[in-house]
Amino acid sequence: MAWRSSGTNNTEMVDKMKRFGIISSDHVERGFRRVDRKFFVPRGNEDSAHSDQPLKEGNVHISAPHIYGSVIEALALVPNSCTSFLNIGSGTGYVSCIVAEILGPNSLNYGVELHADVIEHCKSSIAKWKTNVVDEQGDNSTIHFMTDTADIQIIKGNGLDIINSKGESVVGFDRIYIGAAVDKDALANISKLLSPGGILVGPVDDELVKIERVGNVSSDVEGEMEHEDGARSISGLSREFTSQILSGVRFAPLTNSRSMVQTVIPAHVWNPSVQRMYPSEFKRASMHLLMCSNSELVQPLPTTPRPDERVNVAAMLPKSIWVEILSFTHRKWFEPELNETEYLKRRLREEKAKNSHLERARRDAEERCTAVEREKTVYRMLAMRWQSRVNVLISRQGSQGEAADRQAQADEELSNLLDLGGVPSLSVLRSMLQRMSDVQEEEESSESYEDSTVIVDAQQEGELDIADMEEDHAEEEEVFFDSDEESDADDFASVVEEAVPAVASASRERNDSVVMEDVDEVMNGKERDGDQPRSVSMSSYDSY
């Protein structure tokens, strides 16, 4: 269904991605709706901006929307969090903007791109999407938005050669996306940029894979976690990583620069103005330090304190010194290192939450399937009913045509019999009425057989209700159509019955054999051909 997610605008495109199950999370849907793809496609491809296909013009390349939907769902982003995100091969910046909208203003968003023309296209595309101010510092471009969207920092460099021992890479990134295909050796190096508990998604050879860094675990626990949720190990990764293949894809390879200069992602320096962008543990610890600065060394202890309550929170250093000290710490400085048990507990909570979400999605899918089945049954019943009505109307039209022909033939015969030149025989009239009666009975029997056939078929399909409805409808139509034919036959019979006594009385007044001559011809002295009179013999016993 992926290739069917095209639309005429961004709203229709996202609706189809949601309909076909490419995106399922509400926050991912909101992110795609807030970032219109038309601002990021290569120049000259605006008419195909919302088609579900990749677009490329020179070095500028943007993947199909359903690929980005699968990637962002697999990243398992937490809305309005302090998550750090790294986009290697950031390209047009489309994914970076969607992630920035989902994570909120307290997140960190980095992009690494090698080509200068692609970076310029990225900055111009983001400017068309949302008003911003760009801060240029050498090869680093920081895009500051006027709204609550997180800043995006684009770094010109080689994504395959990022130093993991300097800058922000020392702490690691919570989420990483690779925008072009890499081999397994390059994947092993990039995976080192993940922080414990982090997720990486990207194309490896011809497969879209998901990598999770679980930290150092014992060998017995590792065997249980490697195959969790279909995950399997990829060669080149250490045992602290688990991997999962999401789908088969075809990406262009990530370009490797021949320059010997390595790429360093600058570290995020703390100051009170960016306190909101740090994790909760850092916020709490730094607030305690600053509040307790310049306090008295000796403080009264609480009455009958427990041993764990006997803590002196005095901080003799002034606040300015603590601000300087905190500027040398990283985002996760105050986060305790999780041991194996704590990490597994956290993973268990995450899996429970994931299973709960999947269970809700399963129930919703079952409800939709049930509704579709009900709708299918209704449409099937309506189709059967209309088919039955069409068949009845077709048969009626055919029988009406045949009846009209027979009626015309009978009228012609009657007109010939009732001609002034002759007196009709009662036996002939009786045979005509008998033929009309036989034809009418045959039509009624054929119609009843067709109706019974429809009813039997409906009962075999388990559609008794619609069969009853069809029977009632057929009976109503049968009464409607038969009433016209019966009325015509009754009129004809009444005319014949009125004509027969008159003819019979006229025959009784004459002899058994009557010679009928043309009086006018006799009076004028004219004789017929052969000078022989024309006679018609009628026996009086015919009236009985």
Chemist: Taking only residues two or more places apart in sequence, or in another chain, which ones meet Tyr68 in a ring-ring contact (aromatic ring centres under 6.0 Å, His included)?
Modeler: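 Partners of Tyr68 under the ring-ring contact (aromatic ring centres under 6.0 Å, His included) test: Tyr94.
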Chemist: Sorted by first residue and then second, give each salt bridge (Lys or Arg N to Asp or Glu O under 4.0 Å) pair with at least one member in residues 130-140; sequence neighbours left out.
Modeler: Glu101-Lys130, Lys123-Glu136
Chemist: With sequence neighbours left out, what residues match Glu366 under salt bridge (charged side-chain N to carboxylate O under 4.0 Å, His left out)?
Modeler: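 Per chain and number, Glu366 pairs via salt bridge (charged side-chain N to carboxylate O under 4.0 Å, His left out) with Arg362.
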Chemist: Going by ring-ring contact (aromatic ring centres under 6.0 Å, His included), name the residues that satisfy it together with His115, two or more places apart in sequence or in a different chain.
Modeler: none
Chemist: Suppose we screen for salt bridge (charged side-chain N to carboxylate O under 4.0 Å, His left out). Which residues come up paired with Glu73, at least two apart in sequence or across chains?
Modeler: none
Chemist: Considering residues at least two apart in sequence or located in another chain, which fulfil the side-chain contact (heavy atoms from CB on, under 4.5 Å) criterion with His330?
Modeler: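 In terms of side-chain contact (heavy atoms from CB on, under 4.5 Å), with neighbours along the sequence ignored, His330 is linked to Val171, Lys332, Trp333.
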Chemist: Check side-chain contact (heavy atoms from CB on, under 4.5 Å) between Ser320 and all other residues, then give those that pass, not counting sequence neighbours.
Modeler: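 Testing Ser320 for side-chain contact (heavy atoms from CB on, under 4.5 Å), a comparison that skips the adjacent residues, returns Pro318.
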Chemist: What I'd like to find out is whether the side chain of Arg385 reaches to under 4.5 Å of the side chain of Ser388, using heavy atoms alone.
Modeler: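 A side-chain contact under 4.5 Å is absent here.
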Chemist: Are side-chain heavy atoms of Val323 and Asn271 found at a separation under 4.5 Å?
Modeler: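 They are not in side-chain contact.
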Chemist: Do Ser125 side-chain atoms and Thr92 backbone N/O form a donor-acceptor pair below 3.5 Å?
Modeler: no
Chemist: Evaluate the side-chain proximity of Phe40 to Ile62: yes if any heavy-atom separation is below 4.5 Å, no if none is.
Modeler: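 Answer yes - side chains close enough.
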Chemist: Side chains of Ser286 and Gln275: donor-acceptor distance under 3.5 Å anywhere?
Modeler: yes
Chemist: Run the ring-ring contact (aromatic ring centres under 6.0 Å, His included) test against Phe39 and tell me which residues pass, sequence neighbours left out.
Modeler: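 Scan of Phe39 (ring-ring contact (aromatic ring centres under 6.0 Å, His included), adjacent residues dropped) gives none.
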Chemist: Will you find, in the side chains of Arg374 and Thr370, an N or O donor that is under 3.5 Å from an N or O acceptor?
Modeler: no
Chemist: Applying side-chain contact (heavy atoms from CB on, under 4.5 Å), name anything that partners Cys122, two or more places apart in sequence or on another chain.
Modeler: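 Applying side-chain contact (heavy atoms from CB on, under 4.5 Å) to Cys122 gives Ile126, Ile154.
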Chemist: Would you call Asp26 and Lys18 a salt bridge, taking side-chain N to carboxylate O under 4.0 Å as the test?
Modeler: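 Salt bridge present between Asp26 and Lys18.
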Chemist: I'd like to check Phe85 versus Val95 (side-chain heavy atoms, cut-off strictly below 4.5 Å). Are they in contact?
Modeler: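 They are in side-chain contact.
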Chemist: Are any non-hydrogen side-chain atoms of Leu108 and Glu168 less than 4.5 angstrom apart?
Modeler: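 Yes, at least one pair of side-chain atoms sits under 4.5 Å.
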Chemist: Does Arg33 come within less than 4.0 Å of Asp15, counting only side-chain N to carboxylate O?
Modeler: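 Counted as a salt bridge, because a side-chain N and a carboxylate O are separated by less than 4.0 Å.
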Chemist: Restricting to pairs with a member in residues 140-159, which pass salt bridge (Lys or Arg N to Asp or Glu O under 4.0 Å), not counting sequence neighbours?
Modeler: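 Checked against salt bridge (Lys or Arg N to Asp or Glu O under 4.0 Å) - neighbours excluded - no pair reaches residues 140-159.
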Chemist: Would you say that His50 contacts Thr8 through its side chain, given a criterion of any heavy-atom pair below 4.5 Å between the two side chains?
Modeler: no
Chemist: Can you spot which of Tyr278, Tyr110, Phe173 makes a ring pair (Phe, Tyr, Trp, His ring centres under 6.0 Å) with His268?
Modeler: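 Of all the options given, the one that passes is Tyr278.
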Chemist: When you compare the side chains of Ser96 and Asn87, does any donor N or O come within less than 3.5 Å of an acceptor on the partner?
Modeler: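 Yes, a side-chain donor-acceptor pair sits under 3.5 Å.
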Chemist: Please evaluate residues Arg363 and Glu367 with respect to the criterion salt bridge (charged side-chain N to carboxylate O under 4.0 Å, His left out), reporting the C-alpha separation (whole Å), side-chain torsions for both, the decisive distance (0.1 Å), and the verdict.
Modeler: CA-CA 6 Å; Arg363 289 197 298 267; Glu367 292 177 358; over 6 Å; no
Chemist: What residues form a ring-ring contact (aromatic ring centres under 6.0 Å, His included) with Phe251, not counting sequence neighbours?
Modeler: none
Chemist: Under the salt bridge (Lys or Arg N to Asp or Glu O under 4.0 Å) definition, can you give me all pairs with a residue in residues 75-94, not counting sequence neighbours?
Modeler: none
